[in-house]
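Since the structure comes first, as C-alpha cells, the remarks are kept for the end.
When a ligand or atom number is given, it counts from 1 through the structure's own listing order.
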Amino acid sequence: MPETAYVTTPIYYVNDRPHIGHAYTTTLCDAWARFMRLAGRDVFFLTGTDEHGVKVEKSAQERGMTPRALADEVSAEFRRVLGDFGITNDDFIRTTEPRHERQVERFLERLRDSGAVYLGEFEGWYDESQEEYHTETRAKELDYRSPVSGRPLVRARESNYYFRLSAFTSRLERHLEENPDFVRPAGRRNEVIGRLREGLQDVPITRTNFTWGIPMPGAAGHVVYVWIDALFNYATALGLGEQDPAGSPRARYWPATFHVVGKEILWFHAVVWPALLMALDLPLPRCIYAHAFWIKDGQKMSKSLGNFIDLEAIRGYHDRFGLDAWRWFMATRGPLGASDADFRDAHFREAYLSDLVNTVGNGASRVTAMVERYFEGTLPVVEDPSRVVAGEDWSAALARALRAAEEAASEFAIDRLAEAGIGLMRSLDGFIHRTEPFKIAKDPARRGELALILRQSLEVLEAASALLSPLMPGSMDRLRRALSRPPVAEGGTLAAQVRLDPARTYAGVTKVALFPRVEEPAP
Ligand code: ME8
C-alpha cells in the first residue's frame, strides 16, 4: 500500500465571494497534491465551505434570503470556481451537510461525557466581527479593538458550554517543543509558543444568540460556535466521527500531513484544534502551514476598502496569460513565507516574461524546433544519453532536482518545488548556449554529436515537464504531447520520468509554442 498524504485548505465562509486569497491557498494545496500523486502517494485533498454562524445569518438577512439559500448559492460558486482553477480536490465538504452535522454532534457528546466540555458562565472581551473572545492581556495589547475589523471589542457575558482548553496548555507546549515542524514557517511557530506561555483559558464553544448552526446535543437553545463546528470538517470528511470510524475507507488518511491556512487563523489550528483532538484521543496533524497575506499597494485587502483582487480580475489574467501562468505566479511570487506579498500587475508580467516566456517556453520551443528541423522529429536511441557532454552531468543534475523537489514538498515549500523544475530549464538553456547545436548541425560529420546533445535536451525537457506539471498541468501536457510522450501519470511515475532513460524513443517531436508574448496594457 502506498503511503497516504492528506492536505486541507481552510473551509471558506459563504458570506463572501471567492477572491485571490481563496484562490491562493487552494492553488498551493493543489500543486502539492498533484506532486504527491506523481510521487506515488495515496493522496486525499480536501476543501469546502464554512456555512454556519452569525456572519452568514446576518449576510443572508441583509440580502433577504434564508441562510440556507445563501450558503447553497455561494458554496456552488466556490465549487464552480475551483473547476475553473484546475483544482483537483478529492472532496468538497459543506458544514451544513448531514454527514458533518451528525459527526460534530457525536464528537461534542464524547467531549461532554469525558468532562472536556462543561456548562459555565463567562464574561470577557468579545470581537463581534470575528466571533472571538480575547483575554484581558490580549485585549489590552489590541487596544480593545478587533485586530481584523478595527471595531471596538465589547464586554459580553454568557452562560455557555466551555471547552477545557486550559487543561491542555503543558501538553501543547511540549508538543510544539518536541515537534519543531508542527507549525511552519518557523517564525510562526515561535509566535504560537510565545502565546502559549501566557497561558490558556477555557473557551466557550456554544452560543445562544443565534440559531444558524449545529444544536448542542441535549442543550436546548445552545448552538455550536462556528469555529468549533468548522475545525471538525477535517475529521468529519474522513468519517472519523462516525459510529465505526475504523470502518470508513478514508480513515487511513488521518492524521493530516498539512493543514494549510492563512496566518490569521493559525491560533485555532495550532492550539484549539490540537487540544480538541487530544481531548478526543485522536492523533494530531503533522503540520499546520500558515502562509502570509496578499496585500494591495501596501494595504490589507478588505471588503470595506474594495481592493480585493476579485474573481473578475483573476479571470482577466486567465484570459490573457492562461490559467497556468496564474498558477505559476501564485506559487512563486505569493506570500508563502512569513511576509506579505504585494499584488502588482507589473510583477505578474515580469514573472510571466522571465520565467515562462523566456525560460520555459523558449527552451521548449528551441529544442523541439531543432529536433524537428535536423531529425524530422525523430530521435531514437543513438548512444547512451547519460554520457557527460560539455561538462554537463545530466544524470546527476536530474537526481538533484528530484531530491530538491521531494524535500521541498515535504516542507510545503511550493516555491522551491517550482524552482526545482525551472532550475532544470535554466541549466538546459546554458547547455544549449555552450554546446551550440545549431552550429554543429552545419557539419555532417558531427551528426552523432548533434543527436546526443538533442537527445539529452529532450530528456531534460521531459524531466522538467514532469516536475513542473503540478504547477502548470495544462501547458506541461501540451509540452509532453509535442515531445511525443504521454501525459504524466499518477502513482509513482515521477522518479521514472526525472532521469535519463536510454530506452525511451522520441518519434514525432513537433515544435511547441507554450507561452506567447502578451503586449496589452494592464486592465
Ligand atoms: O477564515 N492572502 O474563512 P475565509 C492570502 N471559514 N490568503 C488569504 C487572504 C489574503 N489576503 N485572504 C484570505 C475562514 N485568504 C474560516 C476558516 S477553517 C476550519 C475555517 C485565505 O473565507 C487564507 O487561507 O475568511 C485564509 O486563512 C482563508 O482564505 C480565510 O478564508
Side-chain angles (χ1 to χ4, degrees), residues 7-30 46-56 59 70-71 74-75 77-78 81-82 85 87 92-96 100 104 127 129-132 147-149 188 213 224-237 256 258-274 276-277 285 288-311 313-314 329-331 333-343 412 414:
V7 63
T8 67
T9 73
I11 48 172
Y12 304 116
Y13 285 130
V14 291
N15 56 337
D16 203 356
R17 296 188 60 212
H19 55 63
I20 186 173
H22 308 128
Y24 179 62
T25 314
T26 318
T27 301
L28 294 177
C29 292
D30 183 69
L46 180 69
T47 186
T49 39
D50 187 355
E51 307 187 1
H52 289 131
V54 181
K55 275 203 255 185
V56 176
S59 296
L70 176 65
V74 181
S75 181
E77 180 169 27
F78 267 98
V81 167
L82 297 189
F85 284 42
I87 303 299
F92 185 101
I93 190 160
R94 302 182 56 186
T95 54
T96 52
H100 175 77
V104 169
D127 179 346
S129 62
Q130 296 308 102
E131 300 181 40
E132 186 183 3
V148 180
S149 68
R188 296 272 170 250
V224 178
Y225 172 42
V226 63
W227 260 105
I228 300 296
D229 171 351
L231 286 166
F232 276 116
N233 91 86
Y234 304 127
T236 59
F258 286 111
H259 287 315
V260 185
V261 299
K263 62 182 179 180
E264 86 288 15
I265 58 175
L266 176 59
W267 182 250
F268 286 105
H269 285 82
V271 174
V272 179
W273 177 228
L276 284 168
L277 290 166
I288 317 296
Y289 192 101
H291 62 67
F293 270 16
W294 279 109
I295 55 176
K296 183 89 183 96
D297 306 319
Q299 273 189 309
K300 198 176 147 52
M301 288 189 195
S302 77
K303 254 205 280 195
S304 45
L305 289 172
N307 61 353
F308 254 114
I309 302 294
D310 59 14
L311 266 186
I314 296 172
F329 183 68
M330 291 288 102
R333 307 298 200 278
L336 184 63
S339 337
D340 293 343
D342 210 335
F343 187 94
F412 205 78
I414 304 299

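Phe78 is not listed as a side-chain neighbour of Thr47, based on a closest heavy-atom distance of 4.5 Å or more. Side-chain contact between Phe293 and Met301 is absent, with no heavy atoms from C-beta onward closer than 4.5 Å.
Of the listed residues (Thr9, Ile87, Asp30), just one forms a side chain to side chain contact (heavy atoms under 4.5 Å, CB included) with Leu82, and that residue is Ile87.
Note on Asp50 versus Lys55: no salt bridge recorded, every NZ/NE/NH1/NH2 to OD/OE distance being 4.0 Å or above.
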Could you give the N/O to N/O pairs under 3.5 Å linking ligand 1 and the protein, each with its distance?
unit_1, atom_1, unit_2, atom_2, d
ligand 1, 2 (N), Trp294, N, 2.9
ligand 1, 6 (N), Ile11, O, 2.8
ligand 1, 6 (N), Asp50, OD2, 2.7
ligand 1, 11 (N), Trp294, O, 3.1
ligand 1, 22 (O), Tyr13, N, 3.0
ligand 1, 22 (O), His22, NE2, 3.2
ligand 1, 24 (O), Thr25, OG1, 2.7
ligand 1, 24 (O), Gly262, N, 3.4
ligand 1, 27 (O), Gly262, N, 2.9
ligand 1, 27 (O), Glu264, OE1, 3.4
ligand 1, 27 (O), Glu264, OE2, 2.9

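Ring planes of Tyr13 and Trp227: perpendicular class, angle over 60° (limits at 30 and 60°). Taking the six-membered ring for Trp and thresholds of 30 and 60 degrees, His269 and Tyr234 have ring planes inclined between 30 and 60 degrees apart.
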